[in-house]
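Here is the structure we will look at.
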Amino acid sequence: MTKPVVTRFAPSPTGFLHIGGARTALFCWLYARHHGGQYLLRIEDTDRKRSTDEATAAIVEGLDWLGLQPDGDIVYQSHNLDRHTEVAKALLDSGNAYYCYCSKEELAEMRENARAEGRPIGYDGRWRDRDPAEAPVGVDPVVRFKAPKEGSTTIHDLVQGEVTVSNKELDDMIILRADGTPTYMLSVVVDDHDMGITHIIRGDDHLNNAFRQYHLFGAMGWDVPEFAHISLIHGADGAKLSKRHGALGVDAYRDMGYLPDALKNYLVKLGWGHGDDEIFSTEQAIEWFDFDGVVKSPARFDFTKLEHINGTYMRESADDYLTEALSPFILAEFGIDEAEIPKDKLLAAMPGLKERAKTLVELAKSALFLIAKRPLDLDEKAQKLLHSDAREMLARVLTALDLVSDWSAESLDAALRTFSEAEQLKFGKVAQPLRAALCGTTTSPGIFDVLQVLGREESLARIADQTMK
RNA sequence: GUUCCCUUCGUCUAGUGGCCUAGGACGCUGCCCUCUCACGGCGGAAACACGGGUUCGAGUCCCGUAGGGAGCACCA
């Protein structure tokens, strides 16, 4: 019987939840769900200068939108500072750590020399075995961890495989600053242990940290969790995604009109694969997800593919769900309040509308003709289409449609076909001007659907608006 | 600079020594469907970074080279 899986997502609250973080969270969540374990959220807010409550809120909100709610309470790293300090003291007592009185200038010089001589840049351990009695007075020391000097360290990473590094590369890292506060390296290890984390899943920018953390776990006599370092997401140009280079918060994706499930589907496919499967439900992802499907190389973010997946999800979404989801977009696009939105019409038109939109923003735009008040503004193409001949023809269409008493797609179809035959026009020559008059645009759902959703009165009035006798 | 990681169509990927004449998806593109736009259907162009090994046989294993990425803080 193995231990139940416990994973954690551990962002630092210095900004929004960006897309790479969202994917890491998704992988953590998926892995925990797959194994029936727990997925926890830890806010790494020990850098109080850069951490903000707003950022924490944005992260929680972003995860919530994606449906990645953590199990159990959120852990705030800053609340555990005393515990971290306590562990540092224990390390000091057991001889696994020591005080170092180096000044910053001394350290800078050390680095410079190392660089000049082509040696690894790091602390040289000059206080490691020095007698504390030699300590300069009036200097607050930092506490450093005694890393092994000989041999090498191997990590069996679930994604990267066996990774070995020479212990010469590991310098004695600081675990307690001169002001007595613990550093990140110490805090993560203590928190991961205290939270019972079994699998550390994070971006591979932390791969090198894993070696140092490995020894910290060992020095405390703690079990070392499994590591899984997943590759980072790059922008479309192959460069790393960063805040100033294309990295957006998940809220931006929400505002661009992507569905959370579609974004998740896209994200999990970015760097993980299950054969040729492209579109699958969250349930299937949980069932299939494992590290043997995770790709080591970094992936580029591709909006076009996201759009395609989103379009697929939209077409498969329930009409009432989309109708509700649309309100904020209609407000944002057209400044129309939720209360003024004719939801019944939206719902009725939704089957035809959702077929044609890849995002909620597009969907909102395509629904404008349902909401717009007469007389309609015509877009450029529609204006061009409604030349005088067409307007004259519309007058005759109006007469023909006025005769239709049963305003059903069937009778409308029959009436318009009869009309176009009588006029010796191809059906399209009738439908397009009609569409322009009805929608103000040259694209829309099927013309009979449009007539029906608009209703007899509104349809005839809109046509009348554009006729020329 | 140094350490570690990565490298299959433009992009995401399948591929775990013979099933590969390298498969799927997005995008691009030809045709069909058609009242527009989509959707859908049937086709097409398009990749194993390079060089050496190992092997009867290499996209798959090993070594180099090149390119890309990440780390190297009293940040997390």
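In what follows, chains carry the letters A, B, and so on, assigned in the order in which the sequence lines appear, proteins first and then strands, with residues in each chain numbered from 1. Computed over heavy atoms, backbone and side chain alike; hydrogens, waters and symmetry mates excluded.
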Pairing nucleotide - C33(B), Watson-Crick or G-U, each distance under 3.5 Å: none
A38(B) phosphate, OP1 or OP2, under 4.0 Å from R315(A) side-chain N/O: no
Whole-Å C1' distance, U60(B) and G53(B): 15 Å
F301(A) CZ to G27(B) P, straight-line distance once rounded to whole Å: 15 Å
Length of the line joining M393(A):CE and C35(B):P, which is rounded to integer Å: 15 Å
P-based separation of U65(B) from A22(B) [nearest Å]: 31 Å
Under-4.0 Å salt bridge between E44(A) and R42(A): yes
Touch class at under 4.0 angstrom, heavy-atom based, for G271(A) against every strand present: sugar-phosphate
Touch class at under 4.0 angstrom, heavy-atom based, for S166(A) against every strand present: nothing
N/O donor-acceptor pair, side chain D276(A) with base G23(B), under 3.5 angstrom: yes
Among A14(B), U36(B), A38(B), the one nearest E355(A) by side-chain distance: A38(B)
Identified pairing partner of A25(B), criterion: Watson-Crick or G-U wobble below 3.5 Å: U11(B)
Listed nucleotide nearest any side-chain atom of K358(A), set C5(B), G71(B), C39(B): C39(B)
Geometric cation-pi criterion R23(A) and F27(A), 6.0 Å radius, 45° cone: yes
Centroid-centroid under 6.0 Å between F145(A) and Y214(A) rings: no
Touch class at under 4.0 angstrom, heavy-atom based, for T442(A) against every strand present: base
Between P of C37(B) and CD1 of I447(A), the distance in whole Å: 13 Å
S231(A) side-chain N/O to C6(B) phosphate OP1/OP2 under 4.0 Å: no
Nearest-Å distance for atom pair CG/C1', residues N265(A) and C26(B): 13 Å
Shortest side-chain distance from Q77(A), nucleotide among C26(B), A76(B), C37(B): A76(B)
Nucleotide of C35(B), C5(B), G69(B) approaching H234(A) most closely (side-chain heavy atoms): G69(B)
Whether over 12 other heavy atoms sit under 6.0 Å from Y99(A) OH: no
Evaluation steps, side chain to side chain donor-acceptor pair (under 3.5 Å), between R435(A) and S444(A): CA-CA 7 Å; R435(A) 169 171 285 114; S444(A) 81; 2.7 Å; yes
Rounded distance in Å between the C1' positions of U29(B) and A49(B): 27 Å
C1' gap between G17(B) and G57(B), integer Å: 8 Å
Sugar-phosphate only, base, or nothing, as touched by V142(A) at under 4.0 Å among non-hydrogen atoms: base
Donor-acceptor contact present, side-chain S12(A) to main-chain T14(A), <3.5 Å: no
Interatomic distance, I155(A) CD1 vs U3(B) P [rounded to whole Å]: 18 Å
Watson-Crick/G-U partner (both atom distances under 3.5 Å) of C39(B): none
Shortest side-chain distance from E278(A), nucleotide among A76(B), G24(B), C4(B): G24(B)
A299(A), nearest nucleotide to its side chain (from C4(B), C12(B), C35(B)): C12(B)
Shortest side-chain distance from K305(A), nucleotide among C74(B), C26(B), A76(B): C26(B)
Closest to side chain of T443(A), choosing from C37(B), U13(B), C5(B): C37(B)
Interatomic distance at C1', U55(B) relative to C61(B), whole Å: 10 Å
Pairwise P distance for C19(B) and G59(B), with rounding to whole Å: 10 Å
Partner of H229(A) by side-chain hydrogen bond (donor to acceptor under 3.5 Å, both in side chains), out of R202(A), H206(A), K296(A): R202(A)
Side-chain N,O (K296(A)) to OP1/OP2 (G69(B)) below 4.0 Å: no
Touch class at under 4.0 angstrom, heavy-atom based, for F448(A) against every strand present: base
F289(A) and Y31(A) aromatic ring geometry - parallel, tilted or perpendicular at 30°/60° bounds: perpendicular
C12(B) to G1(B) separation - P atoms, rounded to the nearest Å: 27 Å
Whole-Å distance separating the CG atom of L207(A) from the P atom of C72(B): 12 Å
Nearest-angstrom distance from the residue atom CD of E105(A) to P of A73(B): 16 Å
Touch class at under 4.0 angstrom, heavy-atom based, for T164(A) against every strand present: sugar-phosphate
Length of the NE2-C1' vector between H229(A) and G69(B), whole Å: 15 Å
Side chain of D302(A) (C-beta onward), nearest among A76(B), U11(B), G24(B): U11(B)
Sugar-phosphate only, base, or nothing, as touched by P445(A) at under 4.0 Å among non-hydrogen atoms: base
5' precedence on RNA chain B between F427(A) and R212(A) (nearest-nucleotide basis): F427(A)
Among U36(B), U13(B), G27(B), the one nearest R356(A) by side-chain distance: U36(B)
Exercise: do N80(A) and D194(A) side chains pair donor with acceptor under 3.5 Å: no
Residue mapping more 5' on RNA chain B - nearest nucleotide basis, N209(A) or Q432(A): Q432(A)
Euclidean distance for C1', C32(B) against C48(B) (whole angstrom): 35 Å
